[in-house]
Amino acid sequence: MVFSSSLFVAAIIILCSPPLSLIFLSHGLVVADGPLYDYSAYTQCKVEAEDPLYNGGIVKNEATSMKFIDDGDGTFTAWPAFVLPNLTSSTFYSFSSWIKIYGSDSSLITARLVTGNSSGKCVGTVIGRHDCWSFLKGGFFFNSQSNPSLIYFQNSDDKDITITISSASLQPFTKEQWSFQQKYKINTERKRAVTIHVSDKQGARLQGAAVRVEQVAKDFPFGSAINNFIIGNVPYQQWFVERFNAAVFENELKWAATEPKAGVYNYTLADKMLDFVRANQIVARGHNIFWEDPKYLPSWVLNLTSLELELAVKRRIKSLMTRYKDEFVHWDVSNEFLHFDFYEKKLGENTTYEFFKAAHEADPLATLFMNDFNVVESCRDVKSTVDTYISKIQELRRYGVWMDGIGLESHFDEPNLPLMRAILDKFATLQIPIWLTEVDITNKLDQETQASYLEDVLREGFSHPSVDGIMLWSALKQNGKCYQMCLTDTNFDNLPAGDVVDKLLKEWETGVMKSQTDEHGAFSFYGFLGEYRVTASFGGKTTNSTFSVSRSDETRHFSIQI
């Protein structure tokens with residue numbers, strides 16, 4: 001294996017079984033007590049099942065047996081299941097298997113965990129087929145003393161089918177191992193080795209030159225929703241700009257806000273919010289062009305004839321996209337397309353595809369997203385399983401539609417991190433941008449629990465190599481309320497969730513570094529991706545410069561002359 005000359009490059013040296021991993025991190029050699037997490041996933045159906053991950057883990061070479069499961073109405077149905085007699089409390093479990101069905105062309109298959117007297121908790125889903133093997137990937141956090149447990153496979157559609165399981169795997173990870181994996185991926189995916197070379201004008205190396213390096217901008221977009229309460233609100237603006245490099249408007253771009261009456265347009269609030277965004281060099285997402293849920297449409301739209309609606313839709317796209325062409329890095333073209341179908345019912349089943357085409361023609365440089373809920377939050381919602389979302393993306397591609405981004409709203413109750421990671425793994429196979437677009441935690445929890453769960457979700461999202469940005473859904477209203485989760489009160493004193501955000505933002509930045517060049521006239525460090533300012537001083541002379549650090553496995557070399 002070939003390594004970079006820099007000792008800061010993180011690389012796996014050994015990955016063997018029985019589990020023991022040696023990893024080269026920025027501070028040297030580290031022993032990881034256990035296997036590294038396997039990010040492998042498959043979205044294509046295969047003629048033969050692949051080998052099991054982790055060589056099967058704790059279900060190695062075990063076969064399913066038929067178990068009768070209570071359907072909840074007093075009847076029992078037999079499903080294939082793995083009996084798990086010795087699950088360990090406070091442990092993360094990654095679960096995967098290959099599935100094939102008989103008796104139907106396709107069907108949604110759900111893997112459920114039963115512990116003690118609990119009802120079956122969804123730990124993974126897949127659309128099984130009769131002609132090939134489909135890959136189910138999921139998982140769960142086990143925090144119970146009840147044993148034995150079992151994972152069973154249930155047909156979620158009302159079909160009489162047979163389910164066949166192959167290459168199943170269940171791999172445990174302690175909390176420490178799970179956290180280690182997150183830190184490892186952050187070090188390898190969000191940071192890079194940098195060497196600064198200082199010389200005089202003739203190229204001679206300068207040993208002992210004073211070097212000051214400061215990260216001035218972050219590459220990773222991390223932001224929050226805002227609303228019109230921020231307009232002219234200097235304390236709110238300062239609080240926001242000190243933290244975030246990305247924003248999304250909560251409601252001000254939605255159809256109901258910009259055209260409350262037919263033909264009467266009002267972009268005043270959106271324009272003022274865009275002025276704030278521009279003035280502070282903040283990346284902004286466009287949310288949204290169309291919302292499929294009729295509850296959030298302008299009231300005048302609901303009773304239009306098909307012809308009238310078609311004309312209104314065209315005017316909406318032209319008005320919005322012409323006014324804001326090149327202003328927003330993204331557009332959520334179809335919001336909650338998996339759950340609702342207002343436009344399809346009115347205008348035909350291919351309507352949403354036409355929305356994407358029209359949006360691309362109006363703003364070719366914007367990345368176009370679908371955006372939906374209950375995709376990574378859980379797997380209990382049959383309308384928004386990972387395979388259902390992927391099948392919609394594939395349909396768009398068959399129609400030649402530009403749909404370049406996966407929007408995952410991420411409104412969590414109690415996060416299931418192994419499931420969240422597994423779902424992101426499957427989306428990652430598509431190799432298009434993935435954003436967590438509306439992250440929050442339910443307000444049914446107390447603020448401390450809310451903050452703790454938020455930290456779990458943010459660490460999981462930031463550490464996943466295929467997540468390209470994170471947006472919090474925490475826009476503050478004048479009355480001090482937020483959709484579910486506030487970061488601050490109206491005096492801009494942090495709430496517990498805000499403290500978590502500040503802690504992570506500080507943890508995920510390089511900060512200011514001061515040092516001197518070595519005998520080679522060089523200073524090396526391991527920094528987060530982004531923009532840097534460097535100052536070098538020697539012999540009474542000082543030089544300033546800037547450089548960028550982008551993602552790469554190679555060391556970033558930058559030369560500065562005094």
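The figures that follow rest on heavy atoms only: side chains count, while hydrogens, waters and symmetry mates do not.
Side-chain atoms of Glu377 come within 3.5 Å of backbone atoms of Val375 as a donor-acceptor pair (strictly under, hydrogens ignored). Counting only distance, with no hydrogens or angles, the side chain of Glu349 and the backbone of Glu344 share no donor-acceptor pair below 3.5 Å. Looking only at distances, a side-chain donor or acceptor of Thr351 sits under 3.5 Å from a matching main-chain atom of Leu347. Although no hydrogens or angles enter the test, the distance criterion places a donor-acceptor pair under 3.5 Å between the side chain of Tyr389 and the main chain of Met370. In this structure a side-chain-to-backbone donor-acceptor pair under 3.5 Å is missing from Ser319 to Arg316. At least one donor-acceptor pair closer than 3.5 Å links the side chain of Thr91 to the backbone N or O of Ser89.
Pairs of residues two or more places apart, or lying in two chains, that qualify as salt bridge (charged side-chain N to carboxylate O under 4.0 Å, His left out) and include a residue from residues 402-423 are Arg380-Asp413, Arg421-Glu460. Every pair passing salt bridge (charged side-chain N to carboxylate O under 4.0 Å, His left out) that includes a residue from residues 283-297 is listed here, sequence neighbours excluded: Arg285-Asp332. The ring-ring contact (aromatic ring centres under 6.0 Å, His included) pairs that include a residue from residues 157-179 are Tyr37-Trp178, Tyr54-Phe173, Phe92-Trp178, Phe173-Trp178, where partners are two or more places apart or lie in different chains. Pairs passing the ring-ring contact (aromatic ring centres under 6.0 Å, His included) check and including a residue from residues 295-316, sequence neighbours excluded, read Trp255-Trp300, Trp291-Tyr296. Residue pairs meeting the salt bridge (charged side-chain N to carboxylate O under 4.0 Å, His left out) criterion with at least one member in residues 132-154, sequence neighbours excluded: Lys137-Asp425.
You'll find the side chain of Ile289 stays beyond 4.5 Å of the side chain of Phe355, heavy atoms only. The closest side-chain heavy-atom distance from Thr162 to Ile101 is not below 4.5 Å. Leu436 has its side chain within reach of Met420: a pair of non-hydrogen atoms, C-beta onward, lies under 4.5 Å apart. Counting heavy atoms from C-beta on, the side chains of Ser466 and Phe427 never come closer than 4.5 Å. Side-chain contact check for Tyr453 versus Thr442: every heavy-atom pair is 4.5 Å or farther apart. In this structure, Ile109 and Ile163 have side chains that are in contact, with non-hydrogen atoms separated by less than 4.5 Å. Taking the side chain as every heavy atom from C-beta outward, Asn227 and Asn251 never approach each other to under 4.5 Å. The shortest side-chain heavy-atom distance between Leu472 and Leu454 falls under the 4.5 Å cut-off.
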**Request:** Report the C-alpha distance between Gln182 and Arg459 in whole Å, list the side-chain angles of each, state the deciding distance to 0.1 Å, and finish with yes or no for side chain to side chain donor-acceptor pair (under 3.5 Å).
**Result:** CA-CA 7 Å; Gln182 290 175 336; Arg459 287 191 183 279; 5.4 Å; no
**Item:** side chain to side chain contact (heavy atoms under 4.5 Å, CB included) between Tyr39 and Leu424, worked out
**Value:** CA-CA 9 Å; Tyr39 286 84; Leu424 291 172; over 6 Å; no
**Request:** Go through the steps for Asp372 and Ser384 under the test side chain to side chain donor-acceptor pair (under 3.5 Å), then give the verdict.
**Result:** CA-CA 8 Å; Asp372 223 309; Ser384 53; 5.6 Å; no
**Asked** Should Lys426 and Asp387 be marked as a salt bridge (charged side-chain N to carboxylate O under 4.0 Å, His left out) after you check the CA-CA gap, both sets of side-chain angles, and the distance that decides it?
**Response** CA-CA 9 Å; Lys426 290 198 75 170; Asp387 281 36; 2.8 Å; yes
**Test side chain to side chain contact (heavy atoms under 4.5 Å, CB included) applied to Ser97 and Phe153, step by step** = CA-CA 10 Å; Ser97 65; Phe153 299 85; 3.6 Å; yes
**Message:** Could you go through Glu310 and Lys314, starting from their C-alpha distance and side-chain angles, then the distance that decides it, and tell me whether this counts as salt bridge (charged side-chain N to carboxylate O under 4.0 Å, His left out)?
**Reply:** CA-CA 6 Å; Glu310 184 177 356; Lys314 290 179 179 178; 3.6 Å; yes
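Using bins of under 30°, 30° to 60° and over 60° for the plane-to-plane angle, the ring pair Tyr324/Phe328 lands in the perpendicular bin. Taking the six-membered ring where the residue is Trp, Phe373 and Phe340 present tilted rings, their angle falling between 30° and 60°.
The nearest pair of heavy atoms linking Ser40 to Phe135 is O-CE2, 4.1 Å. Closest of all the heavy-atom pairs between Gly286 and Leu253 is CA-CD1, 4.1 Å. Closest of all the heavy-atom pairs between Leu368 and Ala359 is CD1-CB, 4.1 Å. Shown here for Asn416 and Gly139, the closest heavy-atom pair between the two residues is ND2-O, 3.0 Å. Between Cys122 and Thr110 the shortest heavy-atom distance is SG-CG2, 3.6 Å. Residues Cys45 and Arg129 approach most closely at CB-NH1, 3.8 Å, considering heavy atoms.
Shown here is Asp160, whose CG atom has no more than 12 heavy atoms of other residues, nucleotides or ligands within 6.0 Å. Surrounding CG of Asn143 are more than 12 heavy atoms belonging to other residues, nucleotides or ligands, all under 6.0 Å away.
Counting only N and O atoms by type, the side chains of Glu438 and His411 include a donor and acceptor under 3.5 Å apart. Asn155 and Ser107 share a side-chain donor-acceptor pair at under 3.5 Å. Checked by atom type, the side-chain pair Thr115/Ser144 shows no donor-acceptor distance below 3.5 Å. With hydrogens and angles left out, the side-chain atoms of Ser463 and Arg190 include no donor and acceptor closer than 3.5 Å.
With sequence neighbours excluded, the residues satisfying ring-ring contact (aromatic ring centres under 6.0 Å, His included) with His330 are Phe369, Trp435. In this structure, the ring-ring contact (aromatic ring centres under 6.0 Å, His included) partners of Phe220, at least two apart in sequence or on a different chain, are Phe462. With sequence neighbours left out, the ring-ring contact (aromatic ring centres under 6.0 Å, His included) criterion links Phe337 to no other residue. In terms of the salt bridge (charged side-chain N to carboxylate O under 4.0 Å, His left out) criterion, Lys254 has no residue partners (sequence neighbours excluded). Remark: Tyr353 engages Tyr399 in a ring-ring contact (aromatic ring centres under 6.0 Å, His included) (not counting sequence neighbours). Annotation: salt bridge (charged side-chain N to carboxylate O under 4.0 Å, His left out) contacts of Glu250 (sequence neighbours excluded): Lys477.
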Would you tabulate the side-chain donor-acceptor contacts of residues 56-70 under 3.5 Å, counting partners in other chains and residues two or more places apart, or write 'none'?
unit_1: Asp70; atom_1: OD1; unit_2: Gly72; atom_2: N; d: 2.8

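Between Arg551 and Asp219 there is no salt bridge, since no side-chain N of the basic residue sits under 4.0 Å from a carboxylate O of the acidic one.
A side chain to side chain contact (heavy atoms under 4.5 Å, CB included) with Tyr93 is found for exactly one of Val123, Leu87, Ile151, namely Leu87.
To the nearest 0.5 Å, atoms OG1 (Thr174) and CZ (Phe180) are separated by 11.0 Å. Once rounded to the nearest 0.5 Å, the distance linking OG of Ser410 with CG of Asn374 reads 10.5 Å.
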